[in-house]
Amino acid sequence: MAESRRSQCNMSDKTFDFICTGCDKKNKTLKAVKYCVECKLYCCQSCTDMHEVFPSLTSHSFLDVEQENQSGNQQSSLPELPTERCCKHKAKVLDMYCQEHDQVGCCTCMATDHRSCPDSQIFSVLDMLGVLSNLSDSQQTKRRLQQMMDSMQTLSTSKDDRMQCLKKSKAEAIDQIEKFQHVLETIFNRAVVSSKEGVENAYKNLELDIMQDKGTIDNTNAILQVTDDKLNKTPAKRPQRFVCSQEAEKNIKTTEDEKMMQESNNETEVDSSFRPNIKLTENVQDLHGIGDVLVAKKKRNIYKLKNSRDITIKSSNDAYTCRSFGCCLIHDNQLLVTDGANQKLKRIDTSTMTVTDYCSLDSQPMGICCINQKEVVVACCYSHKIQFVSIESQMTPTRKIDTSHVCHGIAIKDDNLYVTDEETSLYVYDMNGTLLRTIINDNDGNKLFSSIRHIVFSESGNEMFVGDENSGIVCFDGKDNYLSTIKGSDLDGVSGVCTDGRGNIFVTGYWSNNVVQYSEDGKKLDVVIKQEDGLKEPLSMHFSQRQNRLFVTMDGSDILKMYELE
């Protein structure tokens with residue numbers, strides 16, 4: 001049964017499910033109440049009455065349009081005709097097709113816009129139903145439409161994320177201003193106000209750019225949604241489905257350029273920051289602000305593998321094959337690795353690629369992090385201890401902190417230790433071993449972890465990223481508030497996480513045997529290292545910012561991989 005279709009353009013108030021065929025040819029739009037089986041025409045009440053005037057028409061059979069339309073019977077006796085109205089010629093139906101331009105239109109469109117097209121390329125949709133059904137695959141169009149809608153929704157979400165990052169950078173810039181203000185407060189109050197206005201103006205300009213982009217995306221997505229609704233409501237195997245498919249194709253083509261432009265815009269980072277003016281004391285009389293408001297638009301640095309080298313981490317008296325669950329760079333050429341199988345902490349000279357010394361521990365060491373140039377802290381798994389180790393001329397275990405849980409990953413921030421338990425909890429201790437808090441659930445009470453692994457903080461300390469073998473990368477802000485979870489399709493079995501100190505994080509996939517690069521806002525950038533690059537069951541990693549080197553430990557291997565990136 002043909003359904004009522006309302007065009008998205010400005011139409012007259014007289015829009016009917018079926019219009020009188022005879023009156024339509026005279027450019028009149030009247031509601032059809034009957035269908036003449038012999039004439040094969042829809043008739044208004046006047047045209048129906050006209051059948052009673054001519055003897056040759058009195059025997060014709062009629063079908064009641066309203067009853068057929070309201071019955072919902074898909075096997076209706078009414079013929080299947082397009083009902084979509086023409087946007088240009090509001091009273092006309094899109095019942096013609098130009099094969100040369102692959103477009104549908106009304107008869108007036110064909111007479112004006114396609115008058116130069118060969119007659120052999122102009123068809124009636126109804127007459128060419130069999131041919132036209134092969135010219136457009138509505139299911140394929142629907143899939144493409146859905147993909148385009150998904151892409152635009154992703155872009156829209158990315159704009160929301162970028163807005164949050166922009167607001168965050170604004171807050172950080174204001175915080176820096178206020179700290180500098182405190183030092184010079186008695187003489188620089190007026191200048192502080194001026195600098196804040198500069199940040200606000202920069203923010204408003206950037207906000208306007210993002211909101212304009214988002215508005216464009218949302219408007220485009222709304223059009224796609226309307227088109228999708230039409231496809232969903234159109235019965236199968238009807239010319240109307242072909243018409244809707246053609247309109248959907250047109251909208252998809254129109255959206256392509258917008259999508260490409262917005263995706264290109266997303267490659268540019270946008271934030272604002274504040275740079276103090278250290279010469280203020282020499283120029284206080286001429287001040288118009290206490291620093292410079294900086295607007296940074298920088299491309300994300302996507303790393304590429306340059307080459308790789310193998311480093312042997314086996315020492316002469318090891319009884320078992322190494323299992324290095326953690327690593328930590330303490331100098332440019334000194335890397336510490338934990339060896340759980342042999343219960344050792346080893347120091348590696350990365351220039352000679354040899355083990356220079358080690359110390360034995362009384363339990364299986366897992367994660368490790370550096371406190372300073374003289375001391376590191378190690379998570380000792382099944383002894384439920386946090387072990388401090390002096391790393392001066394000779395590595396020596398010192399004090400311990402007893403816990404009530406397994407200790408796997410470990411990180412330090414603001415003199416607090418963050419420790420994972422391999423299962424569902426993240427614990428926060430002070431340096432004396434007092435438990436400050438336990439992170440288990442999000443704000444809605446849902447479990448955040450199921451097989452928790454390593455932890456890393458961003459360079460600023462304002463973000464924390466926790467690897468979970470099953471959940472993915474669980475993200476928090478600088479106050480341990482849950483933000484989001486990244487579940488990458490390229491990652492299977494998240495194990496290690498580390499940062500490059502430049503706004504990017506690296507994540508290892510234990511089962512997928514790879515390393516994937518993400519921006520700190522959760523956008524996947526690339527698969528940097530793959531299995532064919534010699535990686536197998538990676539457990540942990542550390543990045544050297546000075547040398548662009550990524551050190552990756554592997555399960556059940558005496559080899560540590562050193563990847564040079566560019």
Side-chain angles (χ1 to χ4, degrees), residues 150 153-154 156-168 171-172 366-367 369 379 381-382 384-386 401-458 460-499 505 507-512 516 518-524:
D150 292 342
Q153 182 58 49
T154 300
S156 179
T157 302
S158 73
K159 294 299 180 184
D160 289 334
D161 294 340
R162 289 160 71 83
M163 180 62 73
Q164 291 302 316
C165 291
L166 182 58
K167 289 180 179 179
K168 182 179 178 182
E172 291 171 353
M366 305 291 277
C369 70
C381 188
Y382 301 113
H384 299 181
K385 297 182 184 297
I386 300 171
I401 292 176
D402 291 324
T403 72
S404 60
H405 55 82
V406 168
C407 300
H408 186 107
I410 190 167
I412 186 169
K413 178 198 169 189
D414 298 335
D415 289 332
N416 288 334
L417 296 170
Y418 289 72
V419 186
T420 66
D421 68 351
E422 285 192 343
E423 294 182 352
T424 61
S425 301
L426 172 60
Y427 299 88
V428 185
Y429 296 91
D430 65 17
M431 296 300 283
N432 295 319
T434 301
L435 179 62
L436 304 178
R437 56 190 172 275
T438 304
I439 303 171
I440 300 175
N441 302 322
D442 61 18
N443 294 333
D444 297 324
N446 301 312
K447 293 283 186 183
L448 287 171
F449 314 108
S450 62
S451 185
I452 192 172
R453 293 295 183 259
H454 288 287
I455 317 161
V456 69
F457 289 95
S458 64
S460 65
N462 293 325
E463 294 88 18
M464 175 173 66
F465 305 96
V466 183
D468 187 285
E469 183 174 336
N470 300 317
S471 301
I473 308 115
V474 186
C475 309
F476 299 82
D477 65 13
K479 297 181 180 179
D480 301 345
N481 296 310
Y482 170 71
L483 297 176
S484 63
T485 299
I486 305 168
K487 182 65 174 177
S489 58
D490 292 304
L491 285 171
D492 186 5
V494 170
S495 50
V497 290
C498 74
T499 177
I505 57 174
V507 186
T508 59
Y510 183 87
W511 300 112
S512 51
V516 182
Y518 288 85
S519 61
E520 288 183 354
D521 60 6
K523 178 179 176 61
K524 177 198 164 185

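Just the heavy atoms: all of them, side chains too, but no hydrogens, waters or symmetry mates, feed the values below.
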How far does CE of M464 sit from CG of N481, to the nearest 0.5 angstrom?
-> 9.5 Å

Taking C-beta and beyond as the side chain, do Y518 and I473 meet within less than 4.5 Å on heavy atoms?
-> yes

Check: H384 main-chain N/O paired with T403 side-chain donor or acceptor under 3.5 Å = yes

I452 side chain near L426 side chain, heavy-atom distance below 4.5 Å = yes

Considering only heavy atoms from C-beta outward, does the side chain of K447 approach that of N441 to under 4.5 Å?
-> yes

Could you check if a side-chain atom of L448 sits within less than 4.5 angstrom of a side-chain atom of F476, using non-hydrogen atoms only?
-> yes

Interatomic spacing from CD1 in I486 to CG in D468 - rounded to 0.5 Å | 13.0 Å

Quick note, salt bridge (Lys or Arg N to Asp or Glu O under 4.0 Å) partners involving residues 483-499, not counting sequence neighbours, are D490-K524

CG/D402: more than 12 non-hydrogen atoms of other groups inside 6.0 Å | yes

Would you sort out whether Y382 and V406 count as a side chain to side chain contact (heavy atoms under 4.5 Å, CB included), showing the intermediate values?
-> CA-CA 5 Å; Y382 301 113; V406 168; 4.2 Å; yes

Do I439 and D480 touch side chain to side chain, with heavy atoms closer than 4.5 Å?
-> yes

Just how far is it from atom CG of L491 to atom OH of Y510, taken to the nearest 0.5 Å?
-> 15.0 Å

Which pairs with one or both residues in residues 409-432 pass salt bridge (Lys or Arg N to Asp or Glu O under 4.0 Å), sequence neighbours excluded?
-> none

Least distance between heavy atoms, C369 atom then I410 atom | CB-O, 3.9 Å

Go through the steps for T499 and S458 under the test side chain to side chain donor-acceptor pair (under 3.5 Å), then give the verdict.
-> CA-CA 6 Å; T499 177; S458 64; over 6 Å; no

Can you see which heavy atom on S451 is nearest to which on N470, and at what distance?
-> CB-ND2, 3.5 Å

So how far is it from F465 CZ to T485 OG1, rounded to the nearest 0.5 Å?
-> 12.0 Å

Check: M163 and K159 side chains under 4.5 Å, non-hydrogen atoms = no

Spacing of L417 atom CG and C407 atom SG [to the nearest 0.5 Å] = 10.0 Å

Hey, what do you get for CG (N446) to OH (Y482), rounding to the nearest 0.5 Å?
-> 8.5 Å

Are F457 and Y418 close enough that their ring centers fall under 6.0 Å?
-> yes

For G409 and T420 the tightest heavy-atom approach is N-OG1, 2.7 Å

So do V419 and H405 actually touch side chain to side chain, heavy atoms under 4.5 Å?
-> yes

